[in-house]
Amino acid sequence: MSVTKAVIPAAGWGTRFLPVSKVVPKEALPIIDTPVIQYAIEEAAKAGITQVILVTSQNKRAVEDYFDRSHELEALLEGKGDEKRLAEMRRVMGLVEIHAVRQRQQLGLGHAVLTARRLVGNEPFAVFLPDDVVVSKKPAIAQLMAVFERRKGSVLAVTPVPESEVSRYGVIEGTKAGARTYRLKRLVEKPRREDAPSNLAVIGRYVLTPEIFEELERVKPGAIGEIQLTDAIDGLIKRQPVFAVELEGELYDAGTPLGLLKASVAEALRRPEMAGDLRHWLRGRLRG
Ligand code: G1P
C-alpha cells in the first residue's frame, strides 16, 4: 500500500525563537525567502504524498494562510504582469492538499500525531518534523518509503551524532539489516549520555503503520513530561517489525537559530544569483 498522507506537527511554541516567535510561527521563519515548512511540503510532494495534515495551535494562522489563496496578491501580481512570481505562488498552493487540525493542548509530539488520527484513518502515513530540513537528491521521506515497501514495517530516519548530543534525541538500539538499514530492538527518548544504546539519533521523518495510534492511546507521559512518539514506536516494536534507515543528505536543525542560519547560508551558496557575492563577503569577514 503506497503512502499518500503525511502529518506535520506544527503546534509548538517555538520558545527557542523568542522574541520573534511571539508573532511569527517558527515554521513560517524563512530560509532566505522560503518558510521552513515549505521544505517539508516540497519533499512530501516530490515523494508522491498528496494530502498533508497540519497539526496546529493558536497563533499559527500564518502557516495555514501561506498555503491558501490570496486573491488580492494574485490580482496585484497579475496587474503588474509579474507572471514568474504568480506562477510560483500558484505552484506552492498546488503542491499538496492541506488539512489543518488543532491540538488544543500541547501535550507532546505523540499527542500531536494522535490528534490527526481521524484524518489519517486506517492506512500507513508519513510524519515530518519540519524543524529537520534535509537537502538530498532522493527526498528523505522517499528513502524511508523504499524501506517500508520492501520490509513491510514502520521506518524512521536516523543519523549518527556525537555522543555529547544524544540526550537531545530519540536514540535507537538495533541490528544491521542492510547497508543503511537497521531492525529496531528498542528506542529511547532523550537518554542520558551513559544510558544511550547507540549514537544513532532519530531525525524527524517517519513512515508509520496505523497501529501506532493504538500505542499512542496507551503511552503515558515520558521524557520531559510529554507524550512521546518515541515511546509509542517502542511499544510498536513489540508487535511489528520496525526499521531505521540512515539518511543520505545534508541535515539542518532549523529548530534552533544557529541551525536555521546554517541552512540559510547553505541555501544561499546553492543559489547562483547570490553564491558568488556571499562567498566573497564571507571570506572577507573570516579574514578580519
Ligand atoms: C523530536 C523527537 C526525537 C527526535 C527529534 C528529531 O524531539 O521526540 O525523538 O530525535 O525530534 O529532531 P524534539 O526535537 O521535539 O525535542
Side-chain angles (χ1 to χ4, degrees), residues 6-17 21 25-27 29 36-37 39-40 43 55-57 103 105-116 126-136 140-141 143-144 154-174 182 184 186-193 195-208 212 215-216 219-237 242-247 249-260 262-263:
V7 175
I8 306 190
W13 285 105
T15 47
R16 288 195 184 111
F17 282 103
S21 54
K26 68 169 175 171
E27 298 79 8
L29 291 173
V36 164
I37 197 166
Y39 281 76
E43 184 187 316
V55 182
T56 65
S57 57
Q103 186 190 15
Q105 281 175 290
Q106 267 79 79
L107 299 179
L109 175 60
H111 181 257
V113 173
L114 187 56
T115 307
V127 176
F128 289 72
L129 307 188
D131 282 356
D132 289 321
V133 172
V134 190
V135 180
S136 54
I141 202 72
Q143 297 176 33
L144 273 65
S154 297
V155 188
L156 39 97
V158 291
T159 198
V161 297
E163 265 175 38
S164 55
E165 285 181 28
V166 285
S167 58
R168 289 177 45 201
Y169 298 94
V171 178
I172 67 160
E173 179 180 342
Y182 298 82
L184 298 197
R186 187 163 69 101
L187 199 54
V188 205
E189 181 66 19
K190 302 196 190 339
R192 290 186 312 180
R193 184 181 180 156
D195 299 333
S198 73
N199 71 335
L200 289 170
V202 177
I203 296 301
R205 298 291 184 280
Y206 310 78
V207 174
L208 299 170
I212 192 69
E215 297 300 320
L216 282 168
V219 290
K220 303 268 177 297
I224 60 171
E226 295 187 347
I227 298 191
Q228 296 288 355
L229 181 58
T230 298
D231 294 342
I233 298 173
D234 189 55
L236 196 61
I237 291 173
V242 178
F243 300 90
V245 59
E246 247 182 84
L247 282 184
E250 289 170 43
L251 306 180
Y252 297 96
D253 178 5
T256 67
L258 182 59
L260 182 66
K262 288 180 185 169

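Values in this document were obtained by computation on a predicted structure and should not be read as measured data. Atoms within a ligand are numbered from 1 in the order they appear, just like the ligands themselves. What's counted below: heavy atoms across the whole structure, side chains too, no hydrogens, waters or symmetry copies.
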(request) Indicate yes or no: does an N/O atom of L109 lie under 3.5 Å from an N/O atom of ligand 1? (result) no
(request) Among all protein heavy atoms, pick out the one at the shortest distance from atom 10 (O) of ligand 1; state its residue, atom name and that distance to 0.1 Å. (result) V202 O, 2.6 Å
(message) To check your reading of the model: name the closest protein heavy atom to atom 2 (C) of ligand 1, its residue, and the distance in Å.
(response) E189 OE2, 3.7 Å
(request) Starting at CG of L114, measure out to CD1 of I212 and round the result to the nearest 0.5 Å. (result) 10.0 Å
(message) Measuring from non-hydrogen atoms of T230 to any atom of ligand 1, is the shortest distance under 4.0 Å?
(response) yes
(request) Considering only NZ, NE, NH1 and NH2 on the basic side and carboxylate oxygens on the acidic side, decide whether R193 and E165 come within less than 4.0 Å. (result) no
Under 3.5 Å, sequence neighbours excluded: what are the donor-acceptor pairs made by side chains of residues 225-233?
| from | atom 1 | to | atom 2 | distance (Å) |
| --- | --- | --- | --- | --- |
| Q228 | NE2 | A223 | O | 3.0 |
| T230 | OG1 | E189 | OE1 | 2.5 |

(message) If the condition is side-chain hydrogen bond (donor to acceptor under 3.5 Å, both in side chains), which residues does T115 pass it with, not counting sequence neighbours?
(response) none
(request) Just jot down the ligand 1 atoms closer than 4.0 angstrom to any heavy atom of K190, in number order. (result) 7 (O), 13 (P), 16 (O)
(request) Looking only at protein heavy atoms, identify the closest one to atom 11 (O) of ligand 1 and say how far it is in Å. (result) L129 CD1, 3.3 Å
(request) Mark up the atoms of ligand 1 that fall under 4.0 Å of a heavy atom belonging to Y169, in ascending order. (result) 10 (O)
(message) If the cut-off is 4.0 Å to any non-hydrogen atom of Q228, which atoms of ligand 1 fall inside it?
(response) 8 (O)
(request) Mind running side-chain hydrogen bond (donor to acceptor under 3.5 Å, both in side chains) on Y182 and E173 for me, showing each step along the way? (result) CA-CA 9 Å; Y182 298 82; E173 179 180 342; over 6 Å; no
(request) Look up atom 15 (O) of ligand 1 and tell me if a protein heavy atom lies less than 4.0 Å from it? (result) no
(message) Please evaluate residues K262 and D253 with respect to the criterion salt bridge (Lys or Arg N to Asp or Glu O under 4.0 Å), reporting the C-alpha separation (whole Å), side-chain torsions for both, the decisive distance (0.1 Å), and the verdict.
(response) CA-CA 9 Å; K262 288 180 185 169; D253 178 5; over 6 Å; no
(request) Just jot down the ligand 1 atoms closer than 4.0 angstrom to any heavy atom of D132, in number order. (result) 6 (C), 12 (O)
(request) Please indicate whether E163 has more than 12 foreign heavy atoms, meaning atoms of other residues, nucleotides or ligands, lying under 6.0 Å from its CD. (result) no
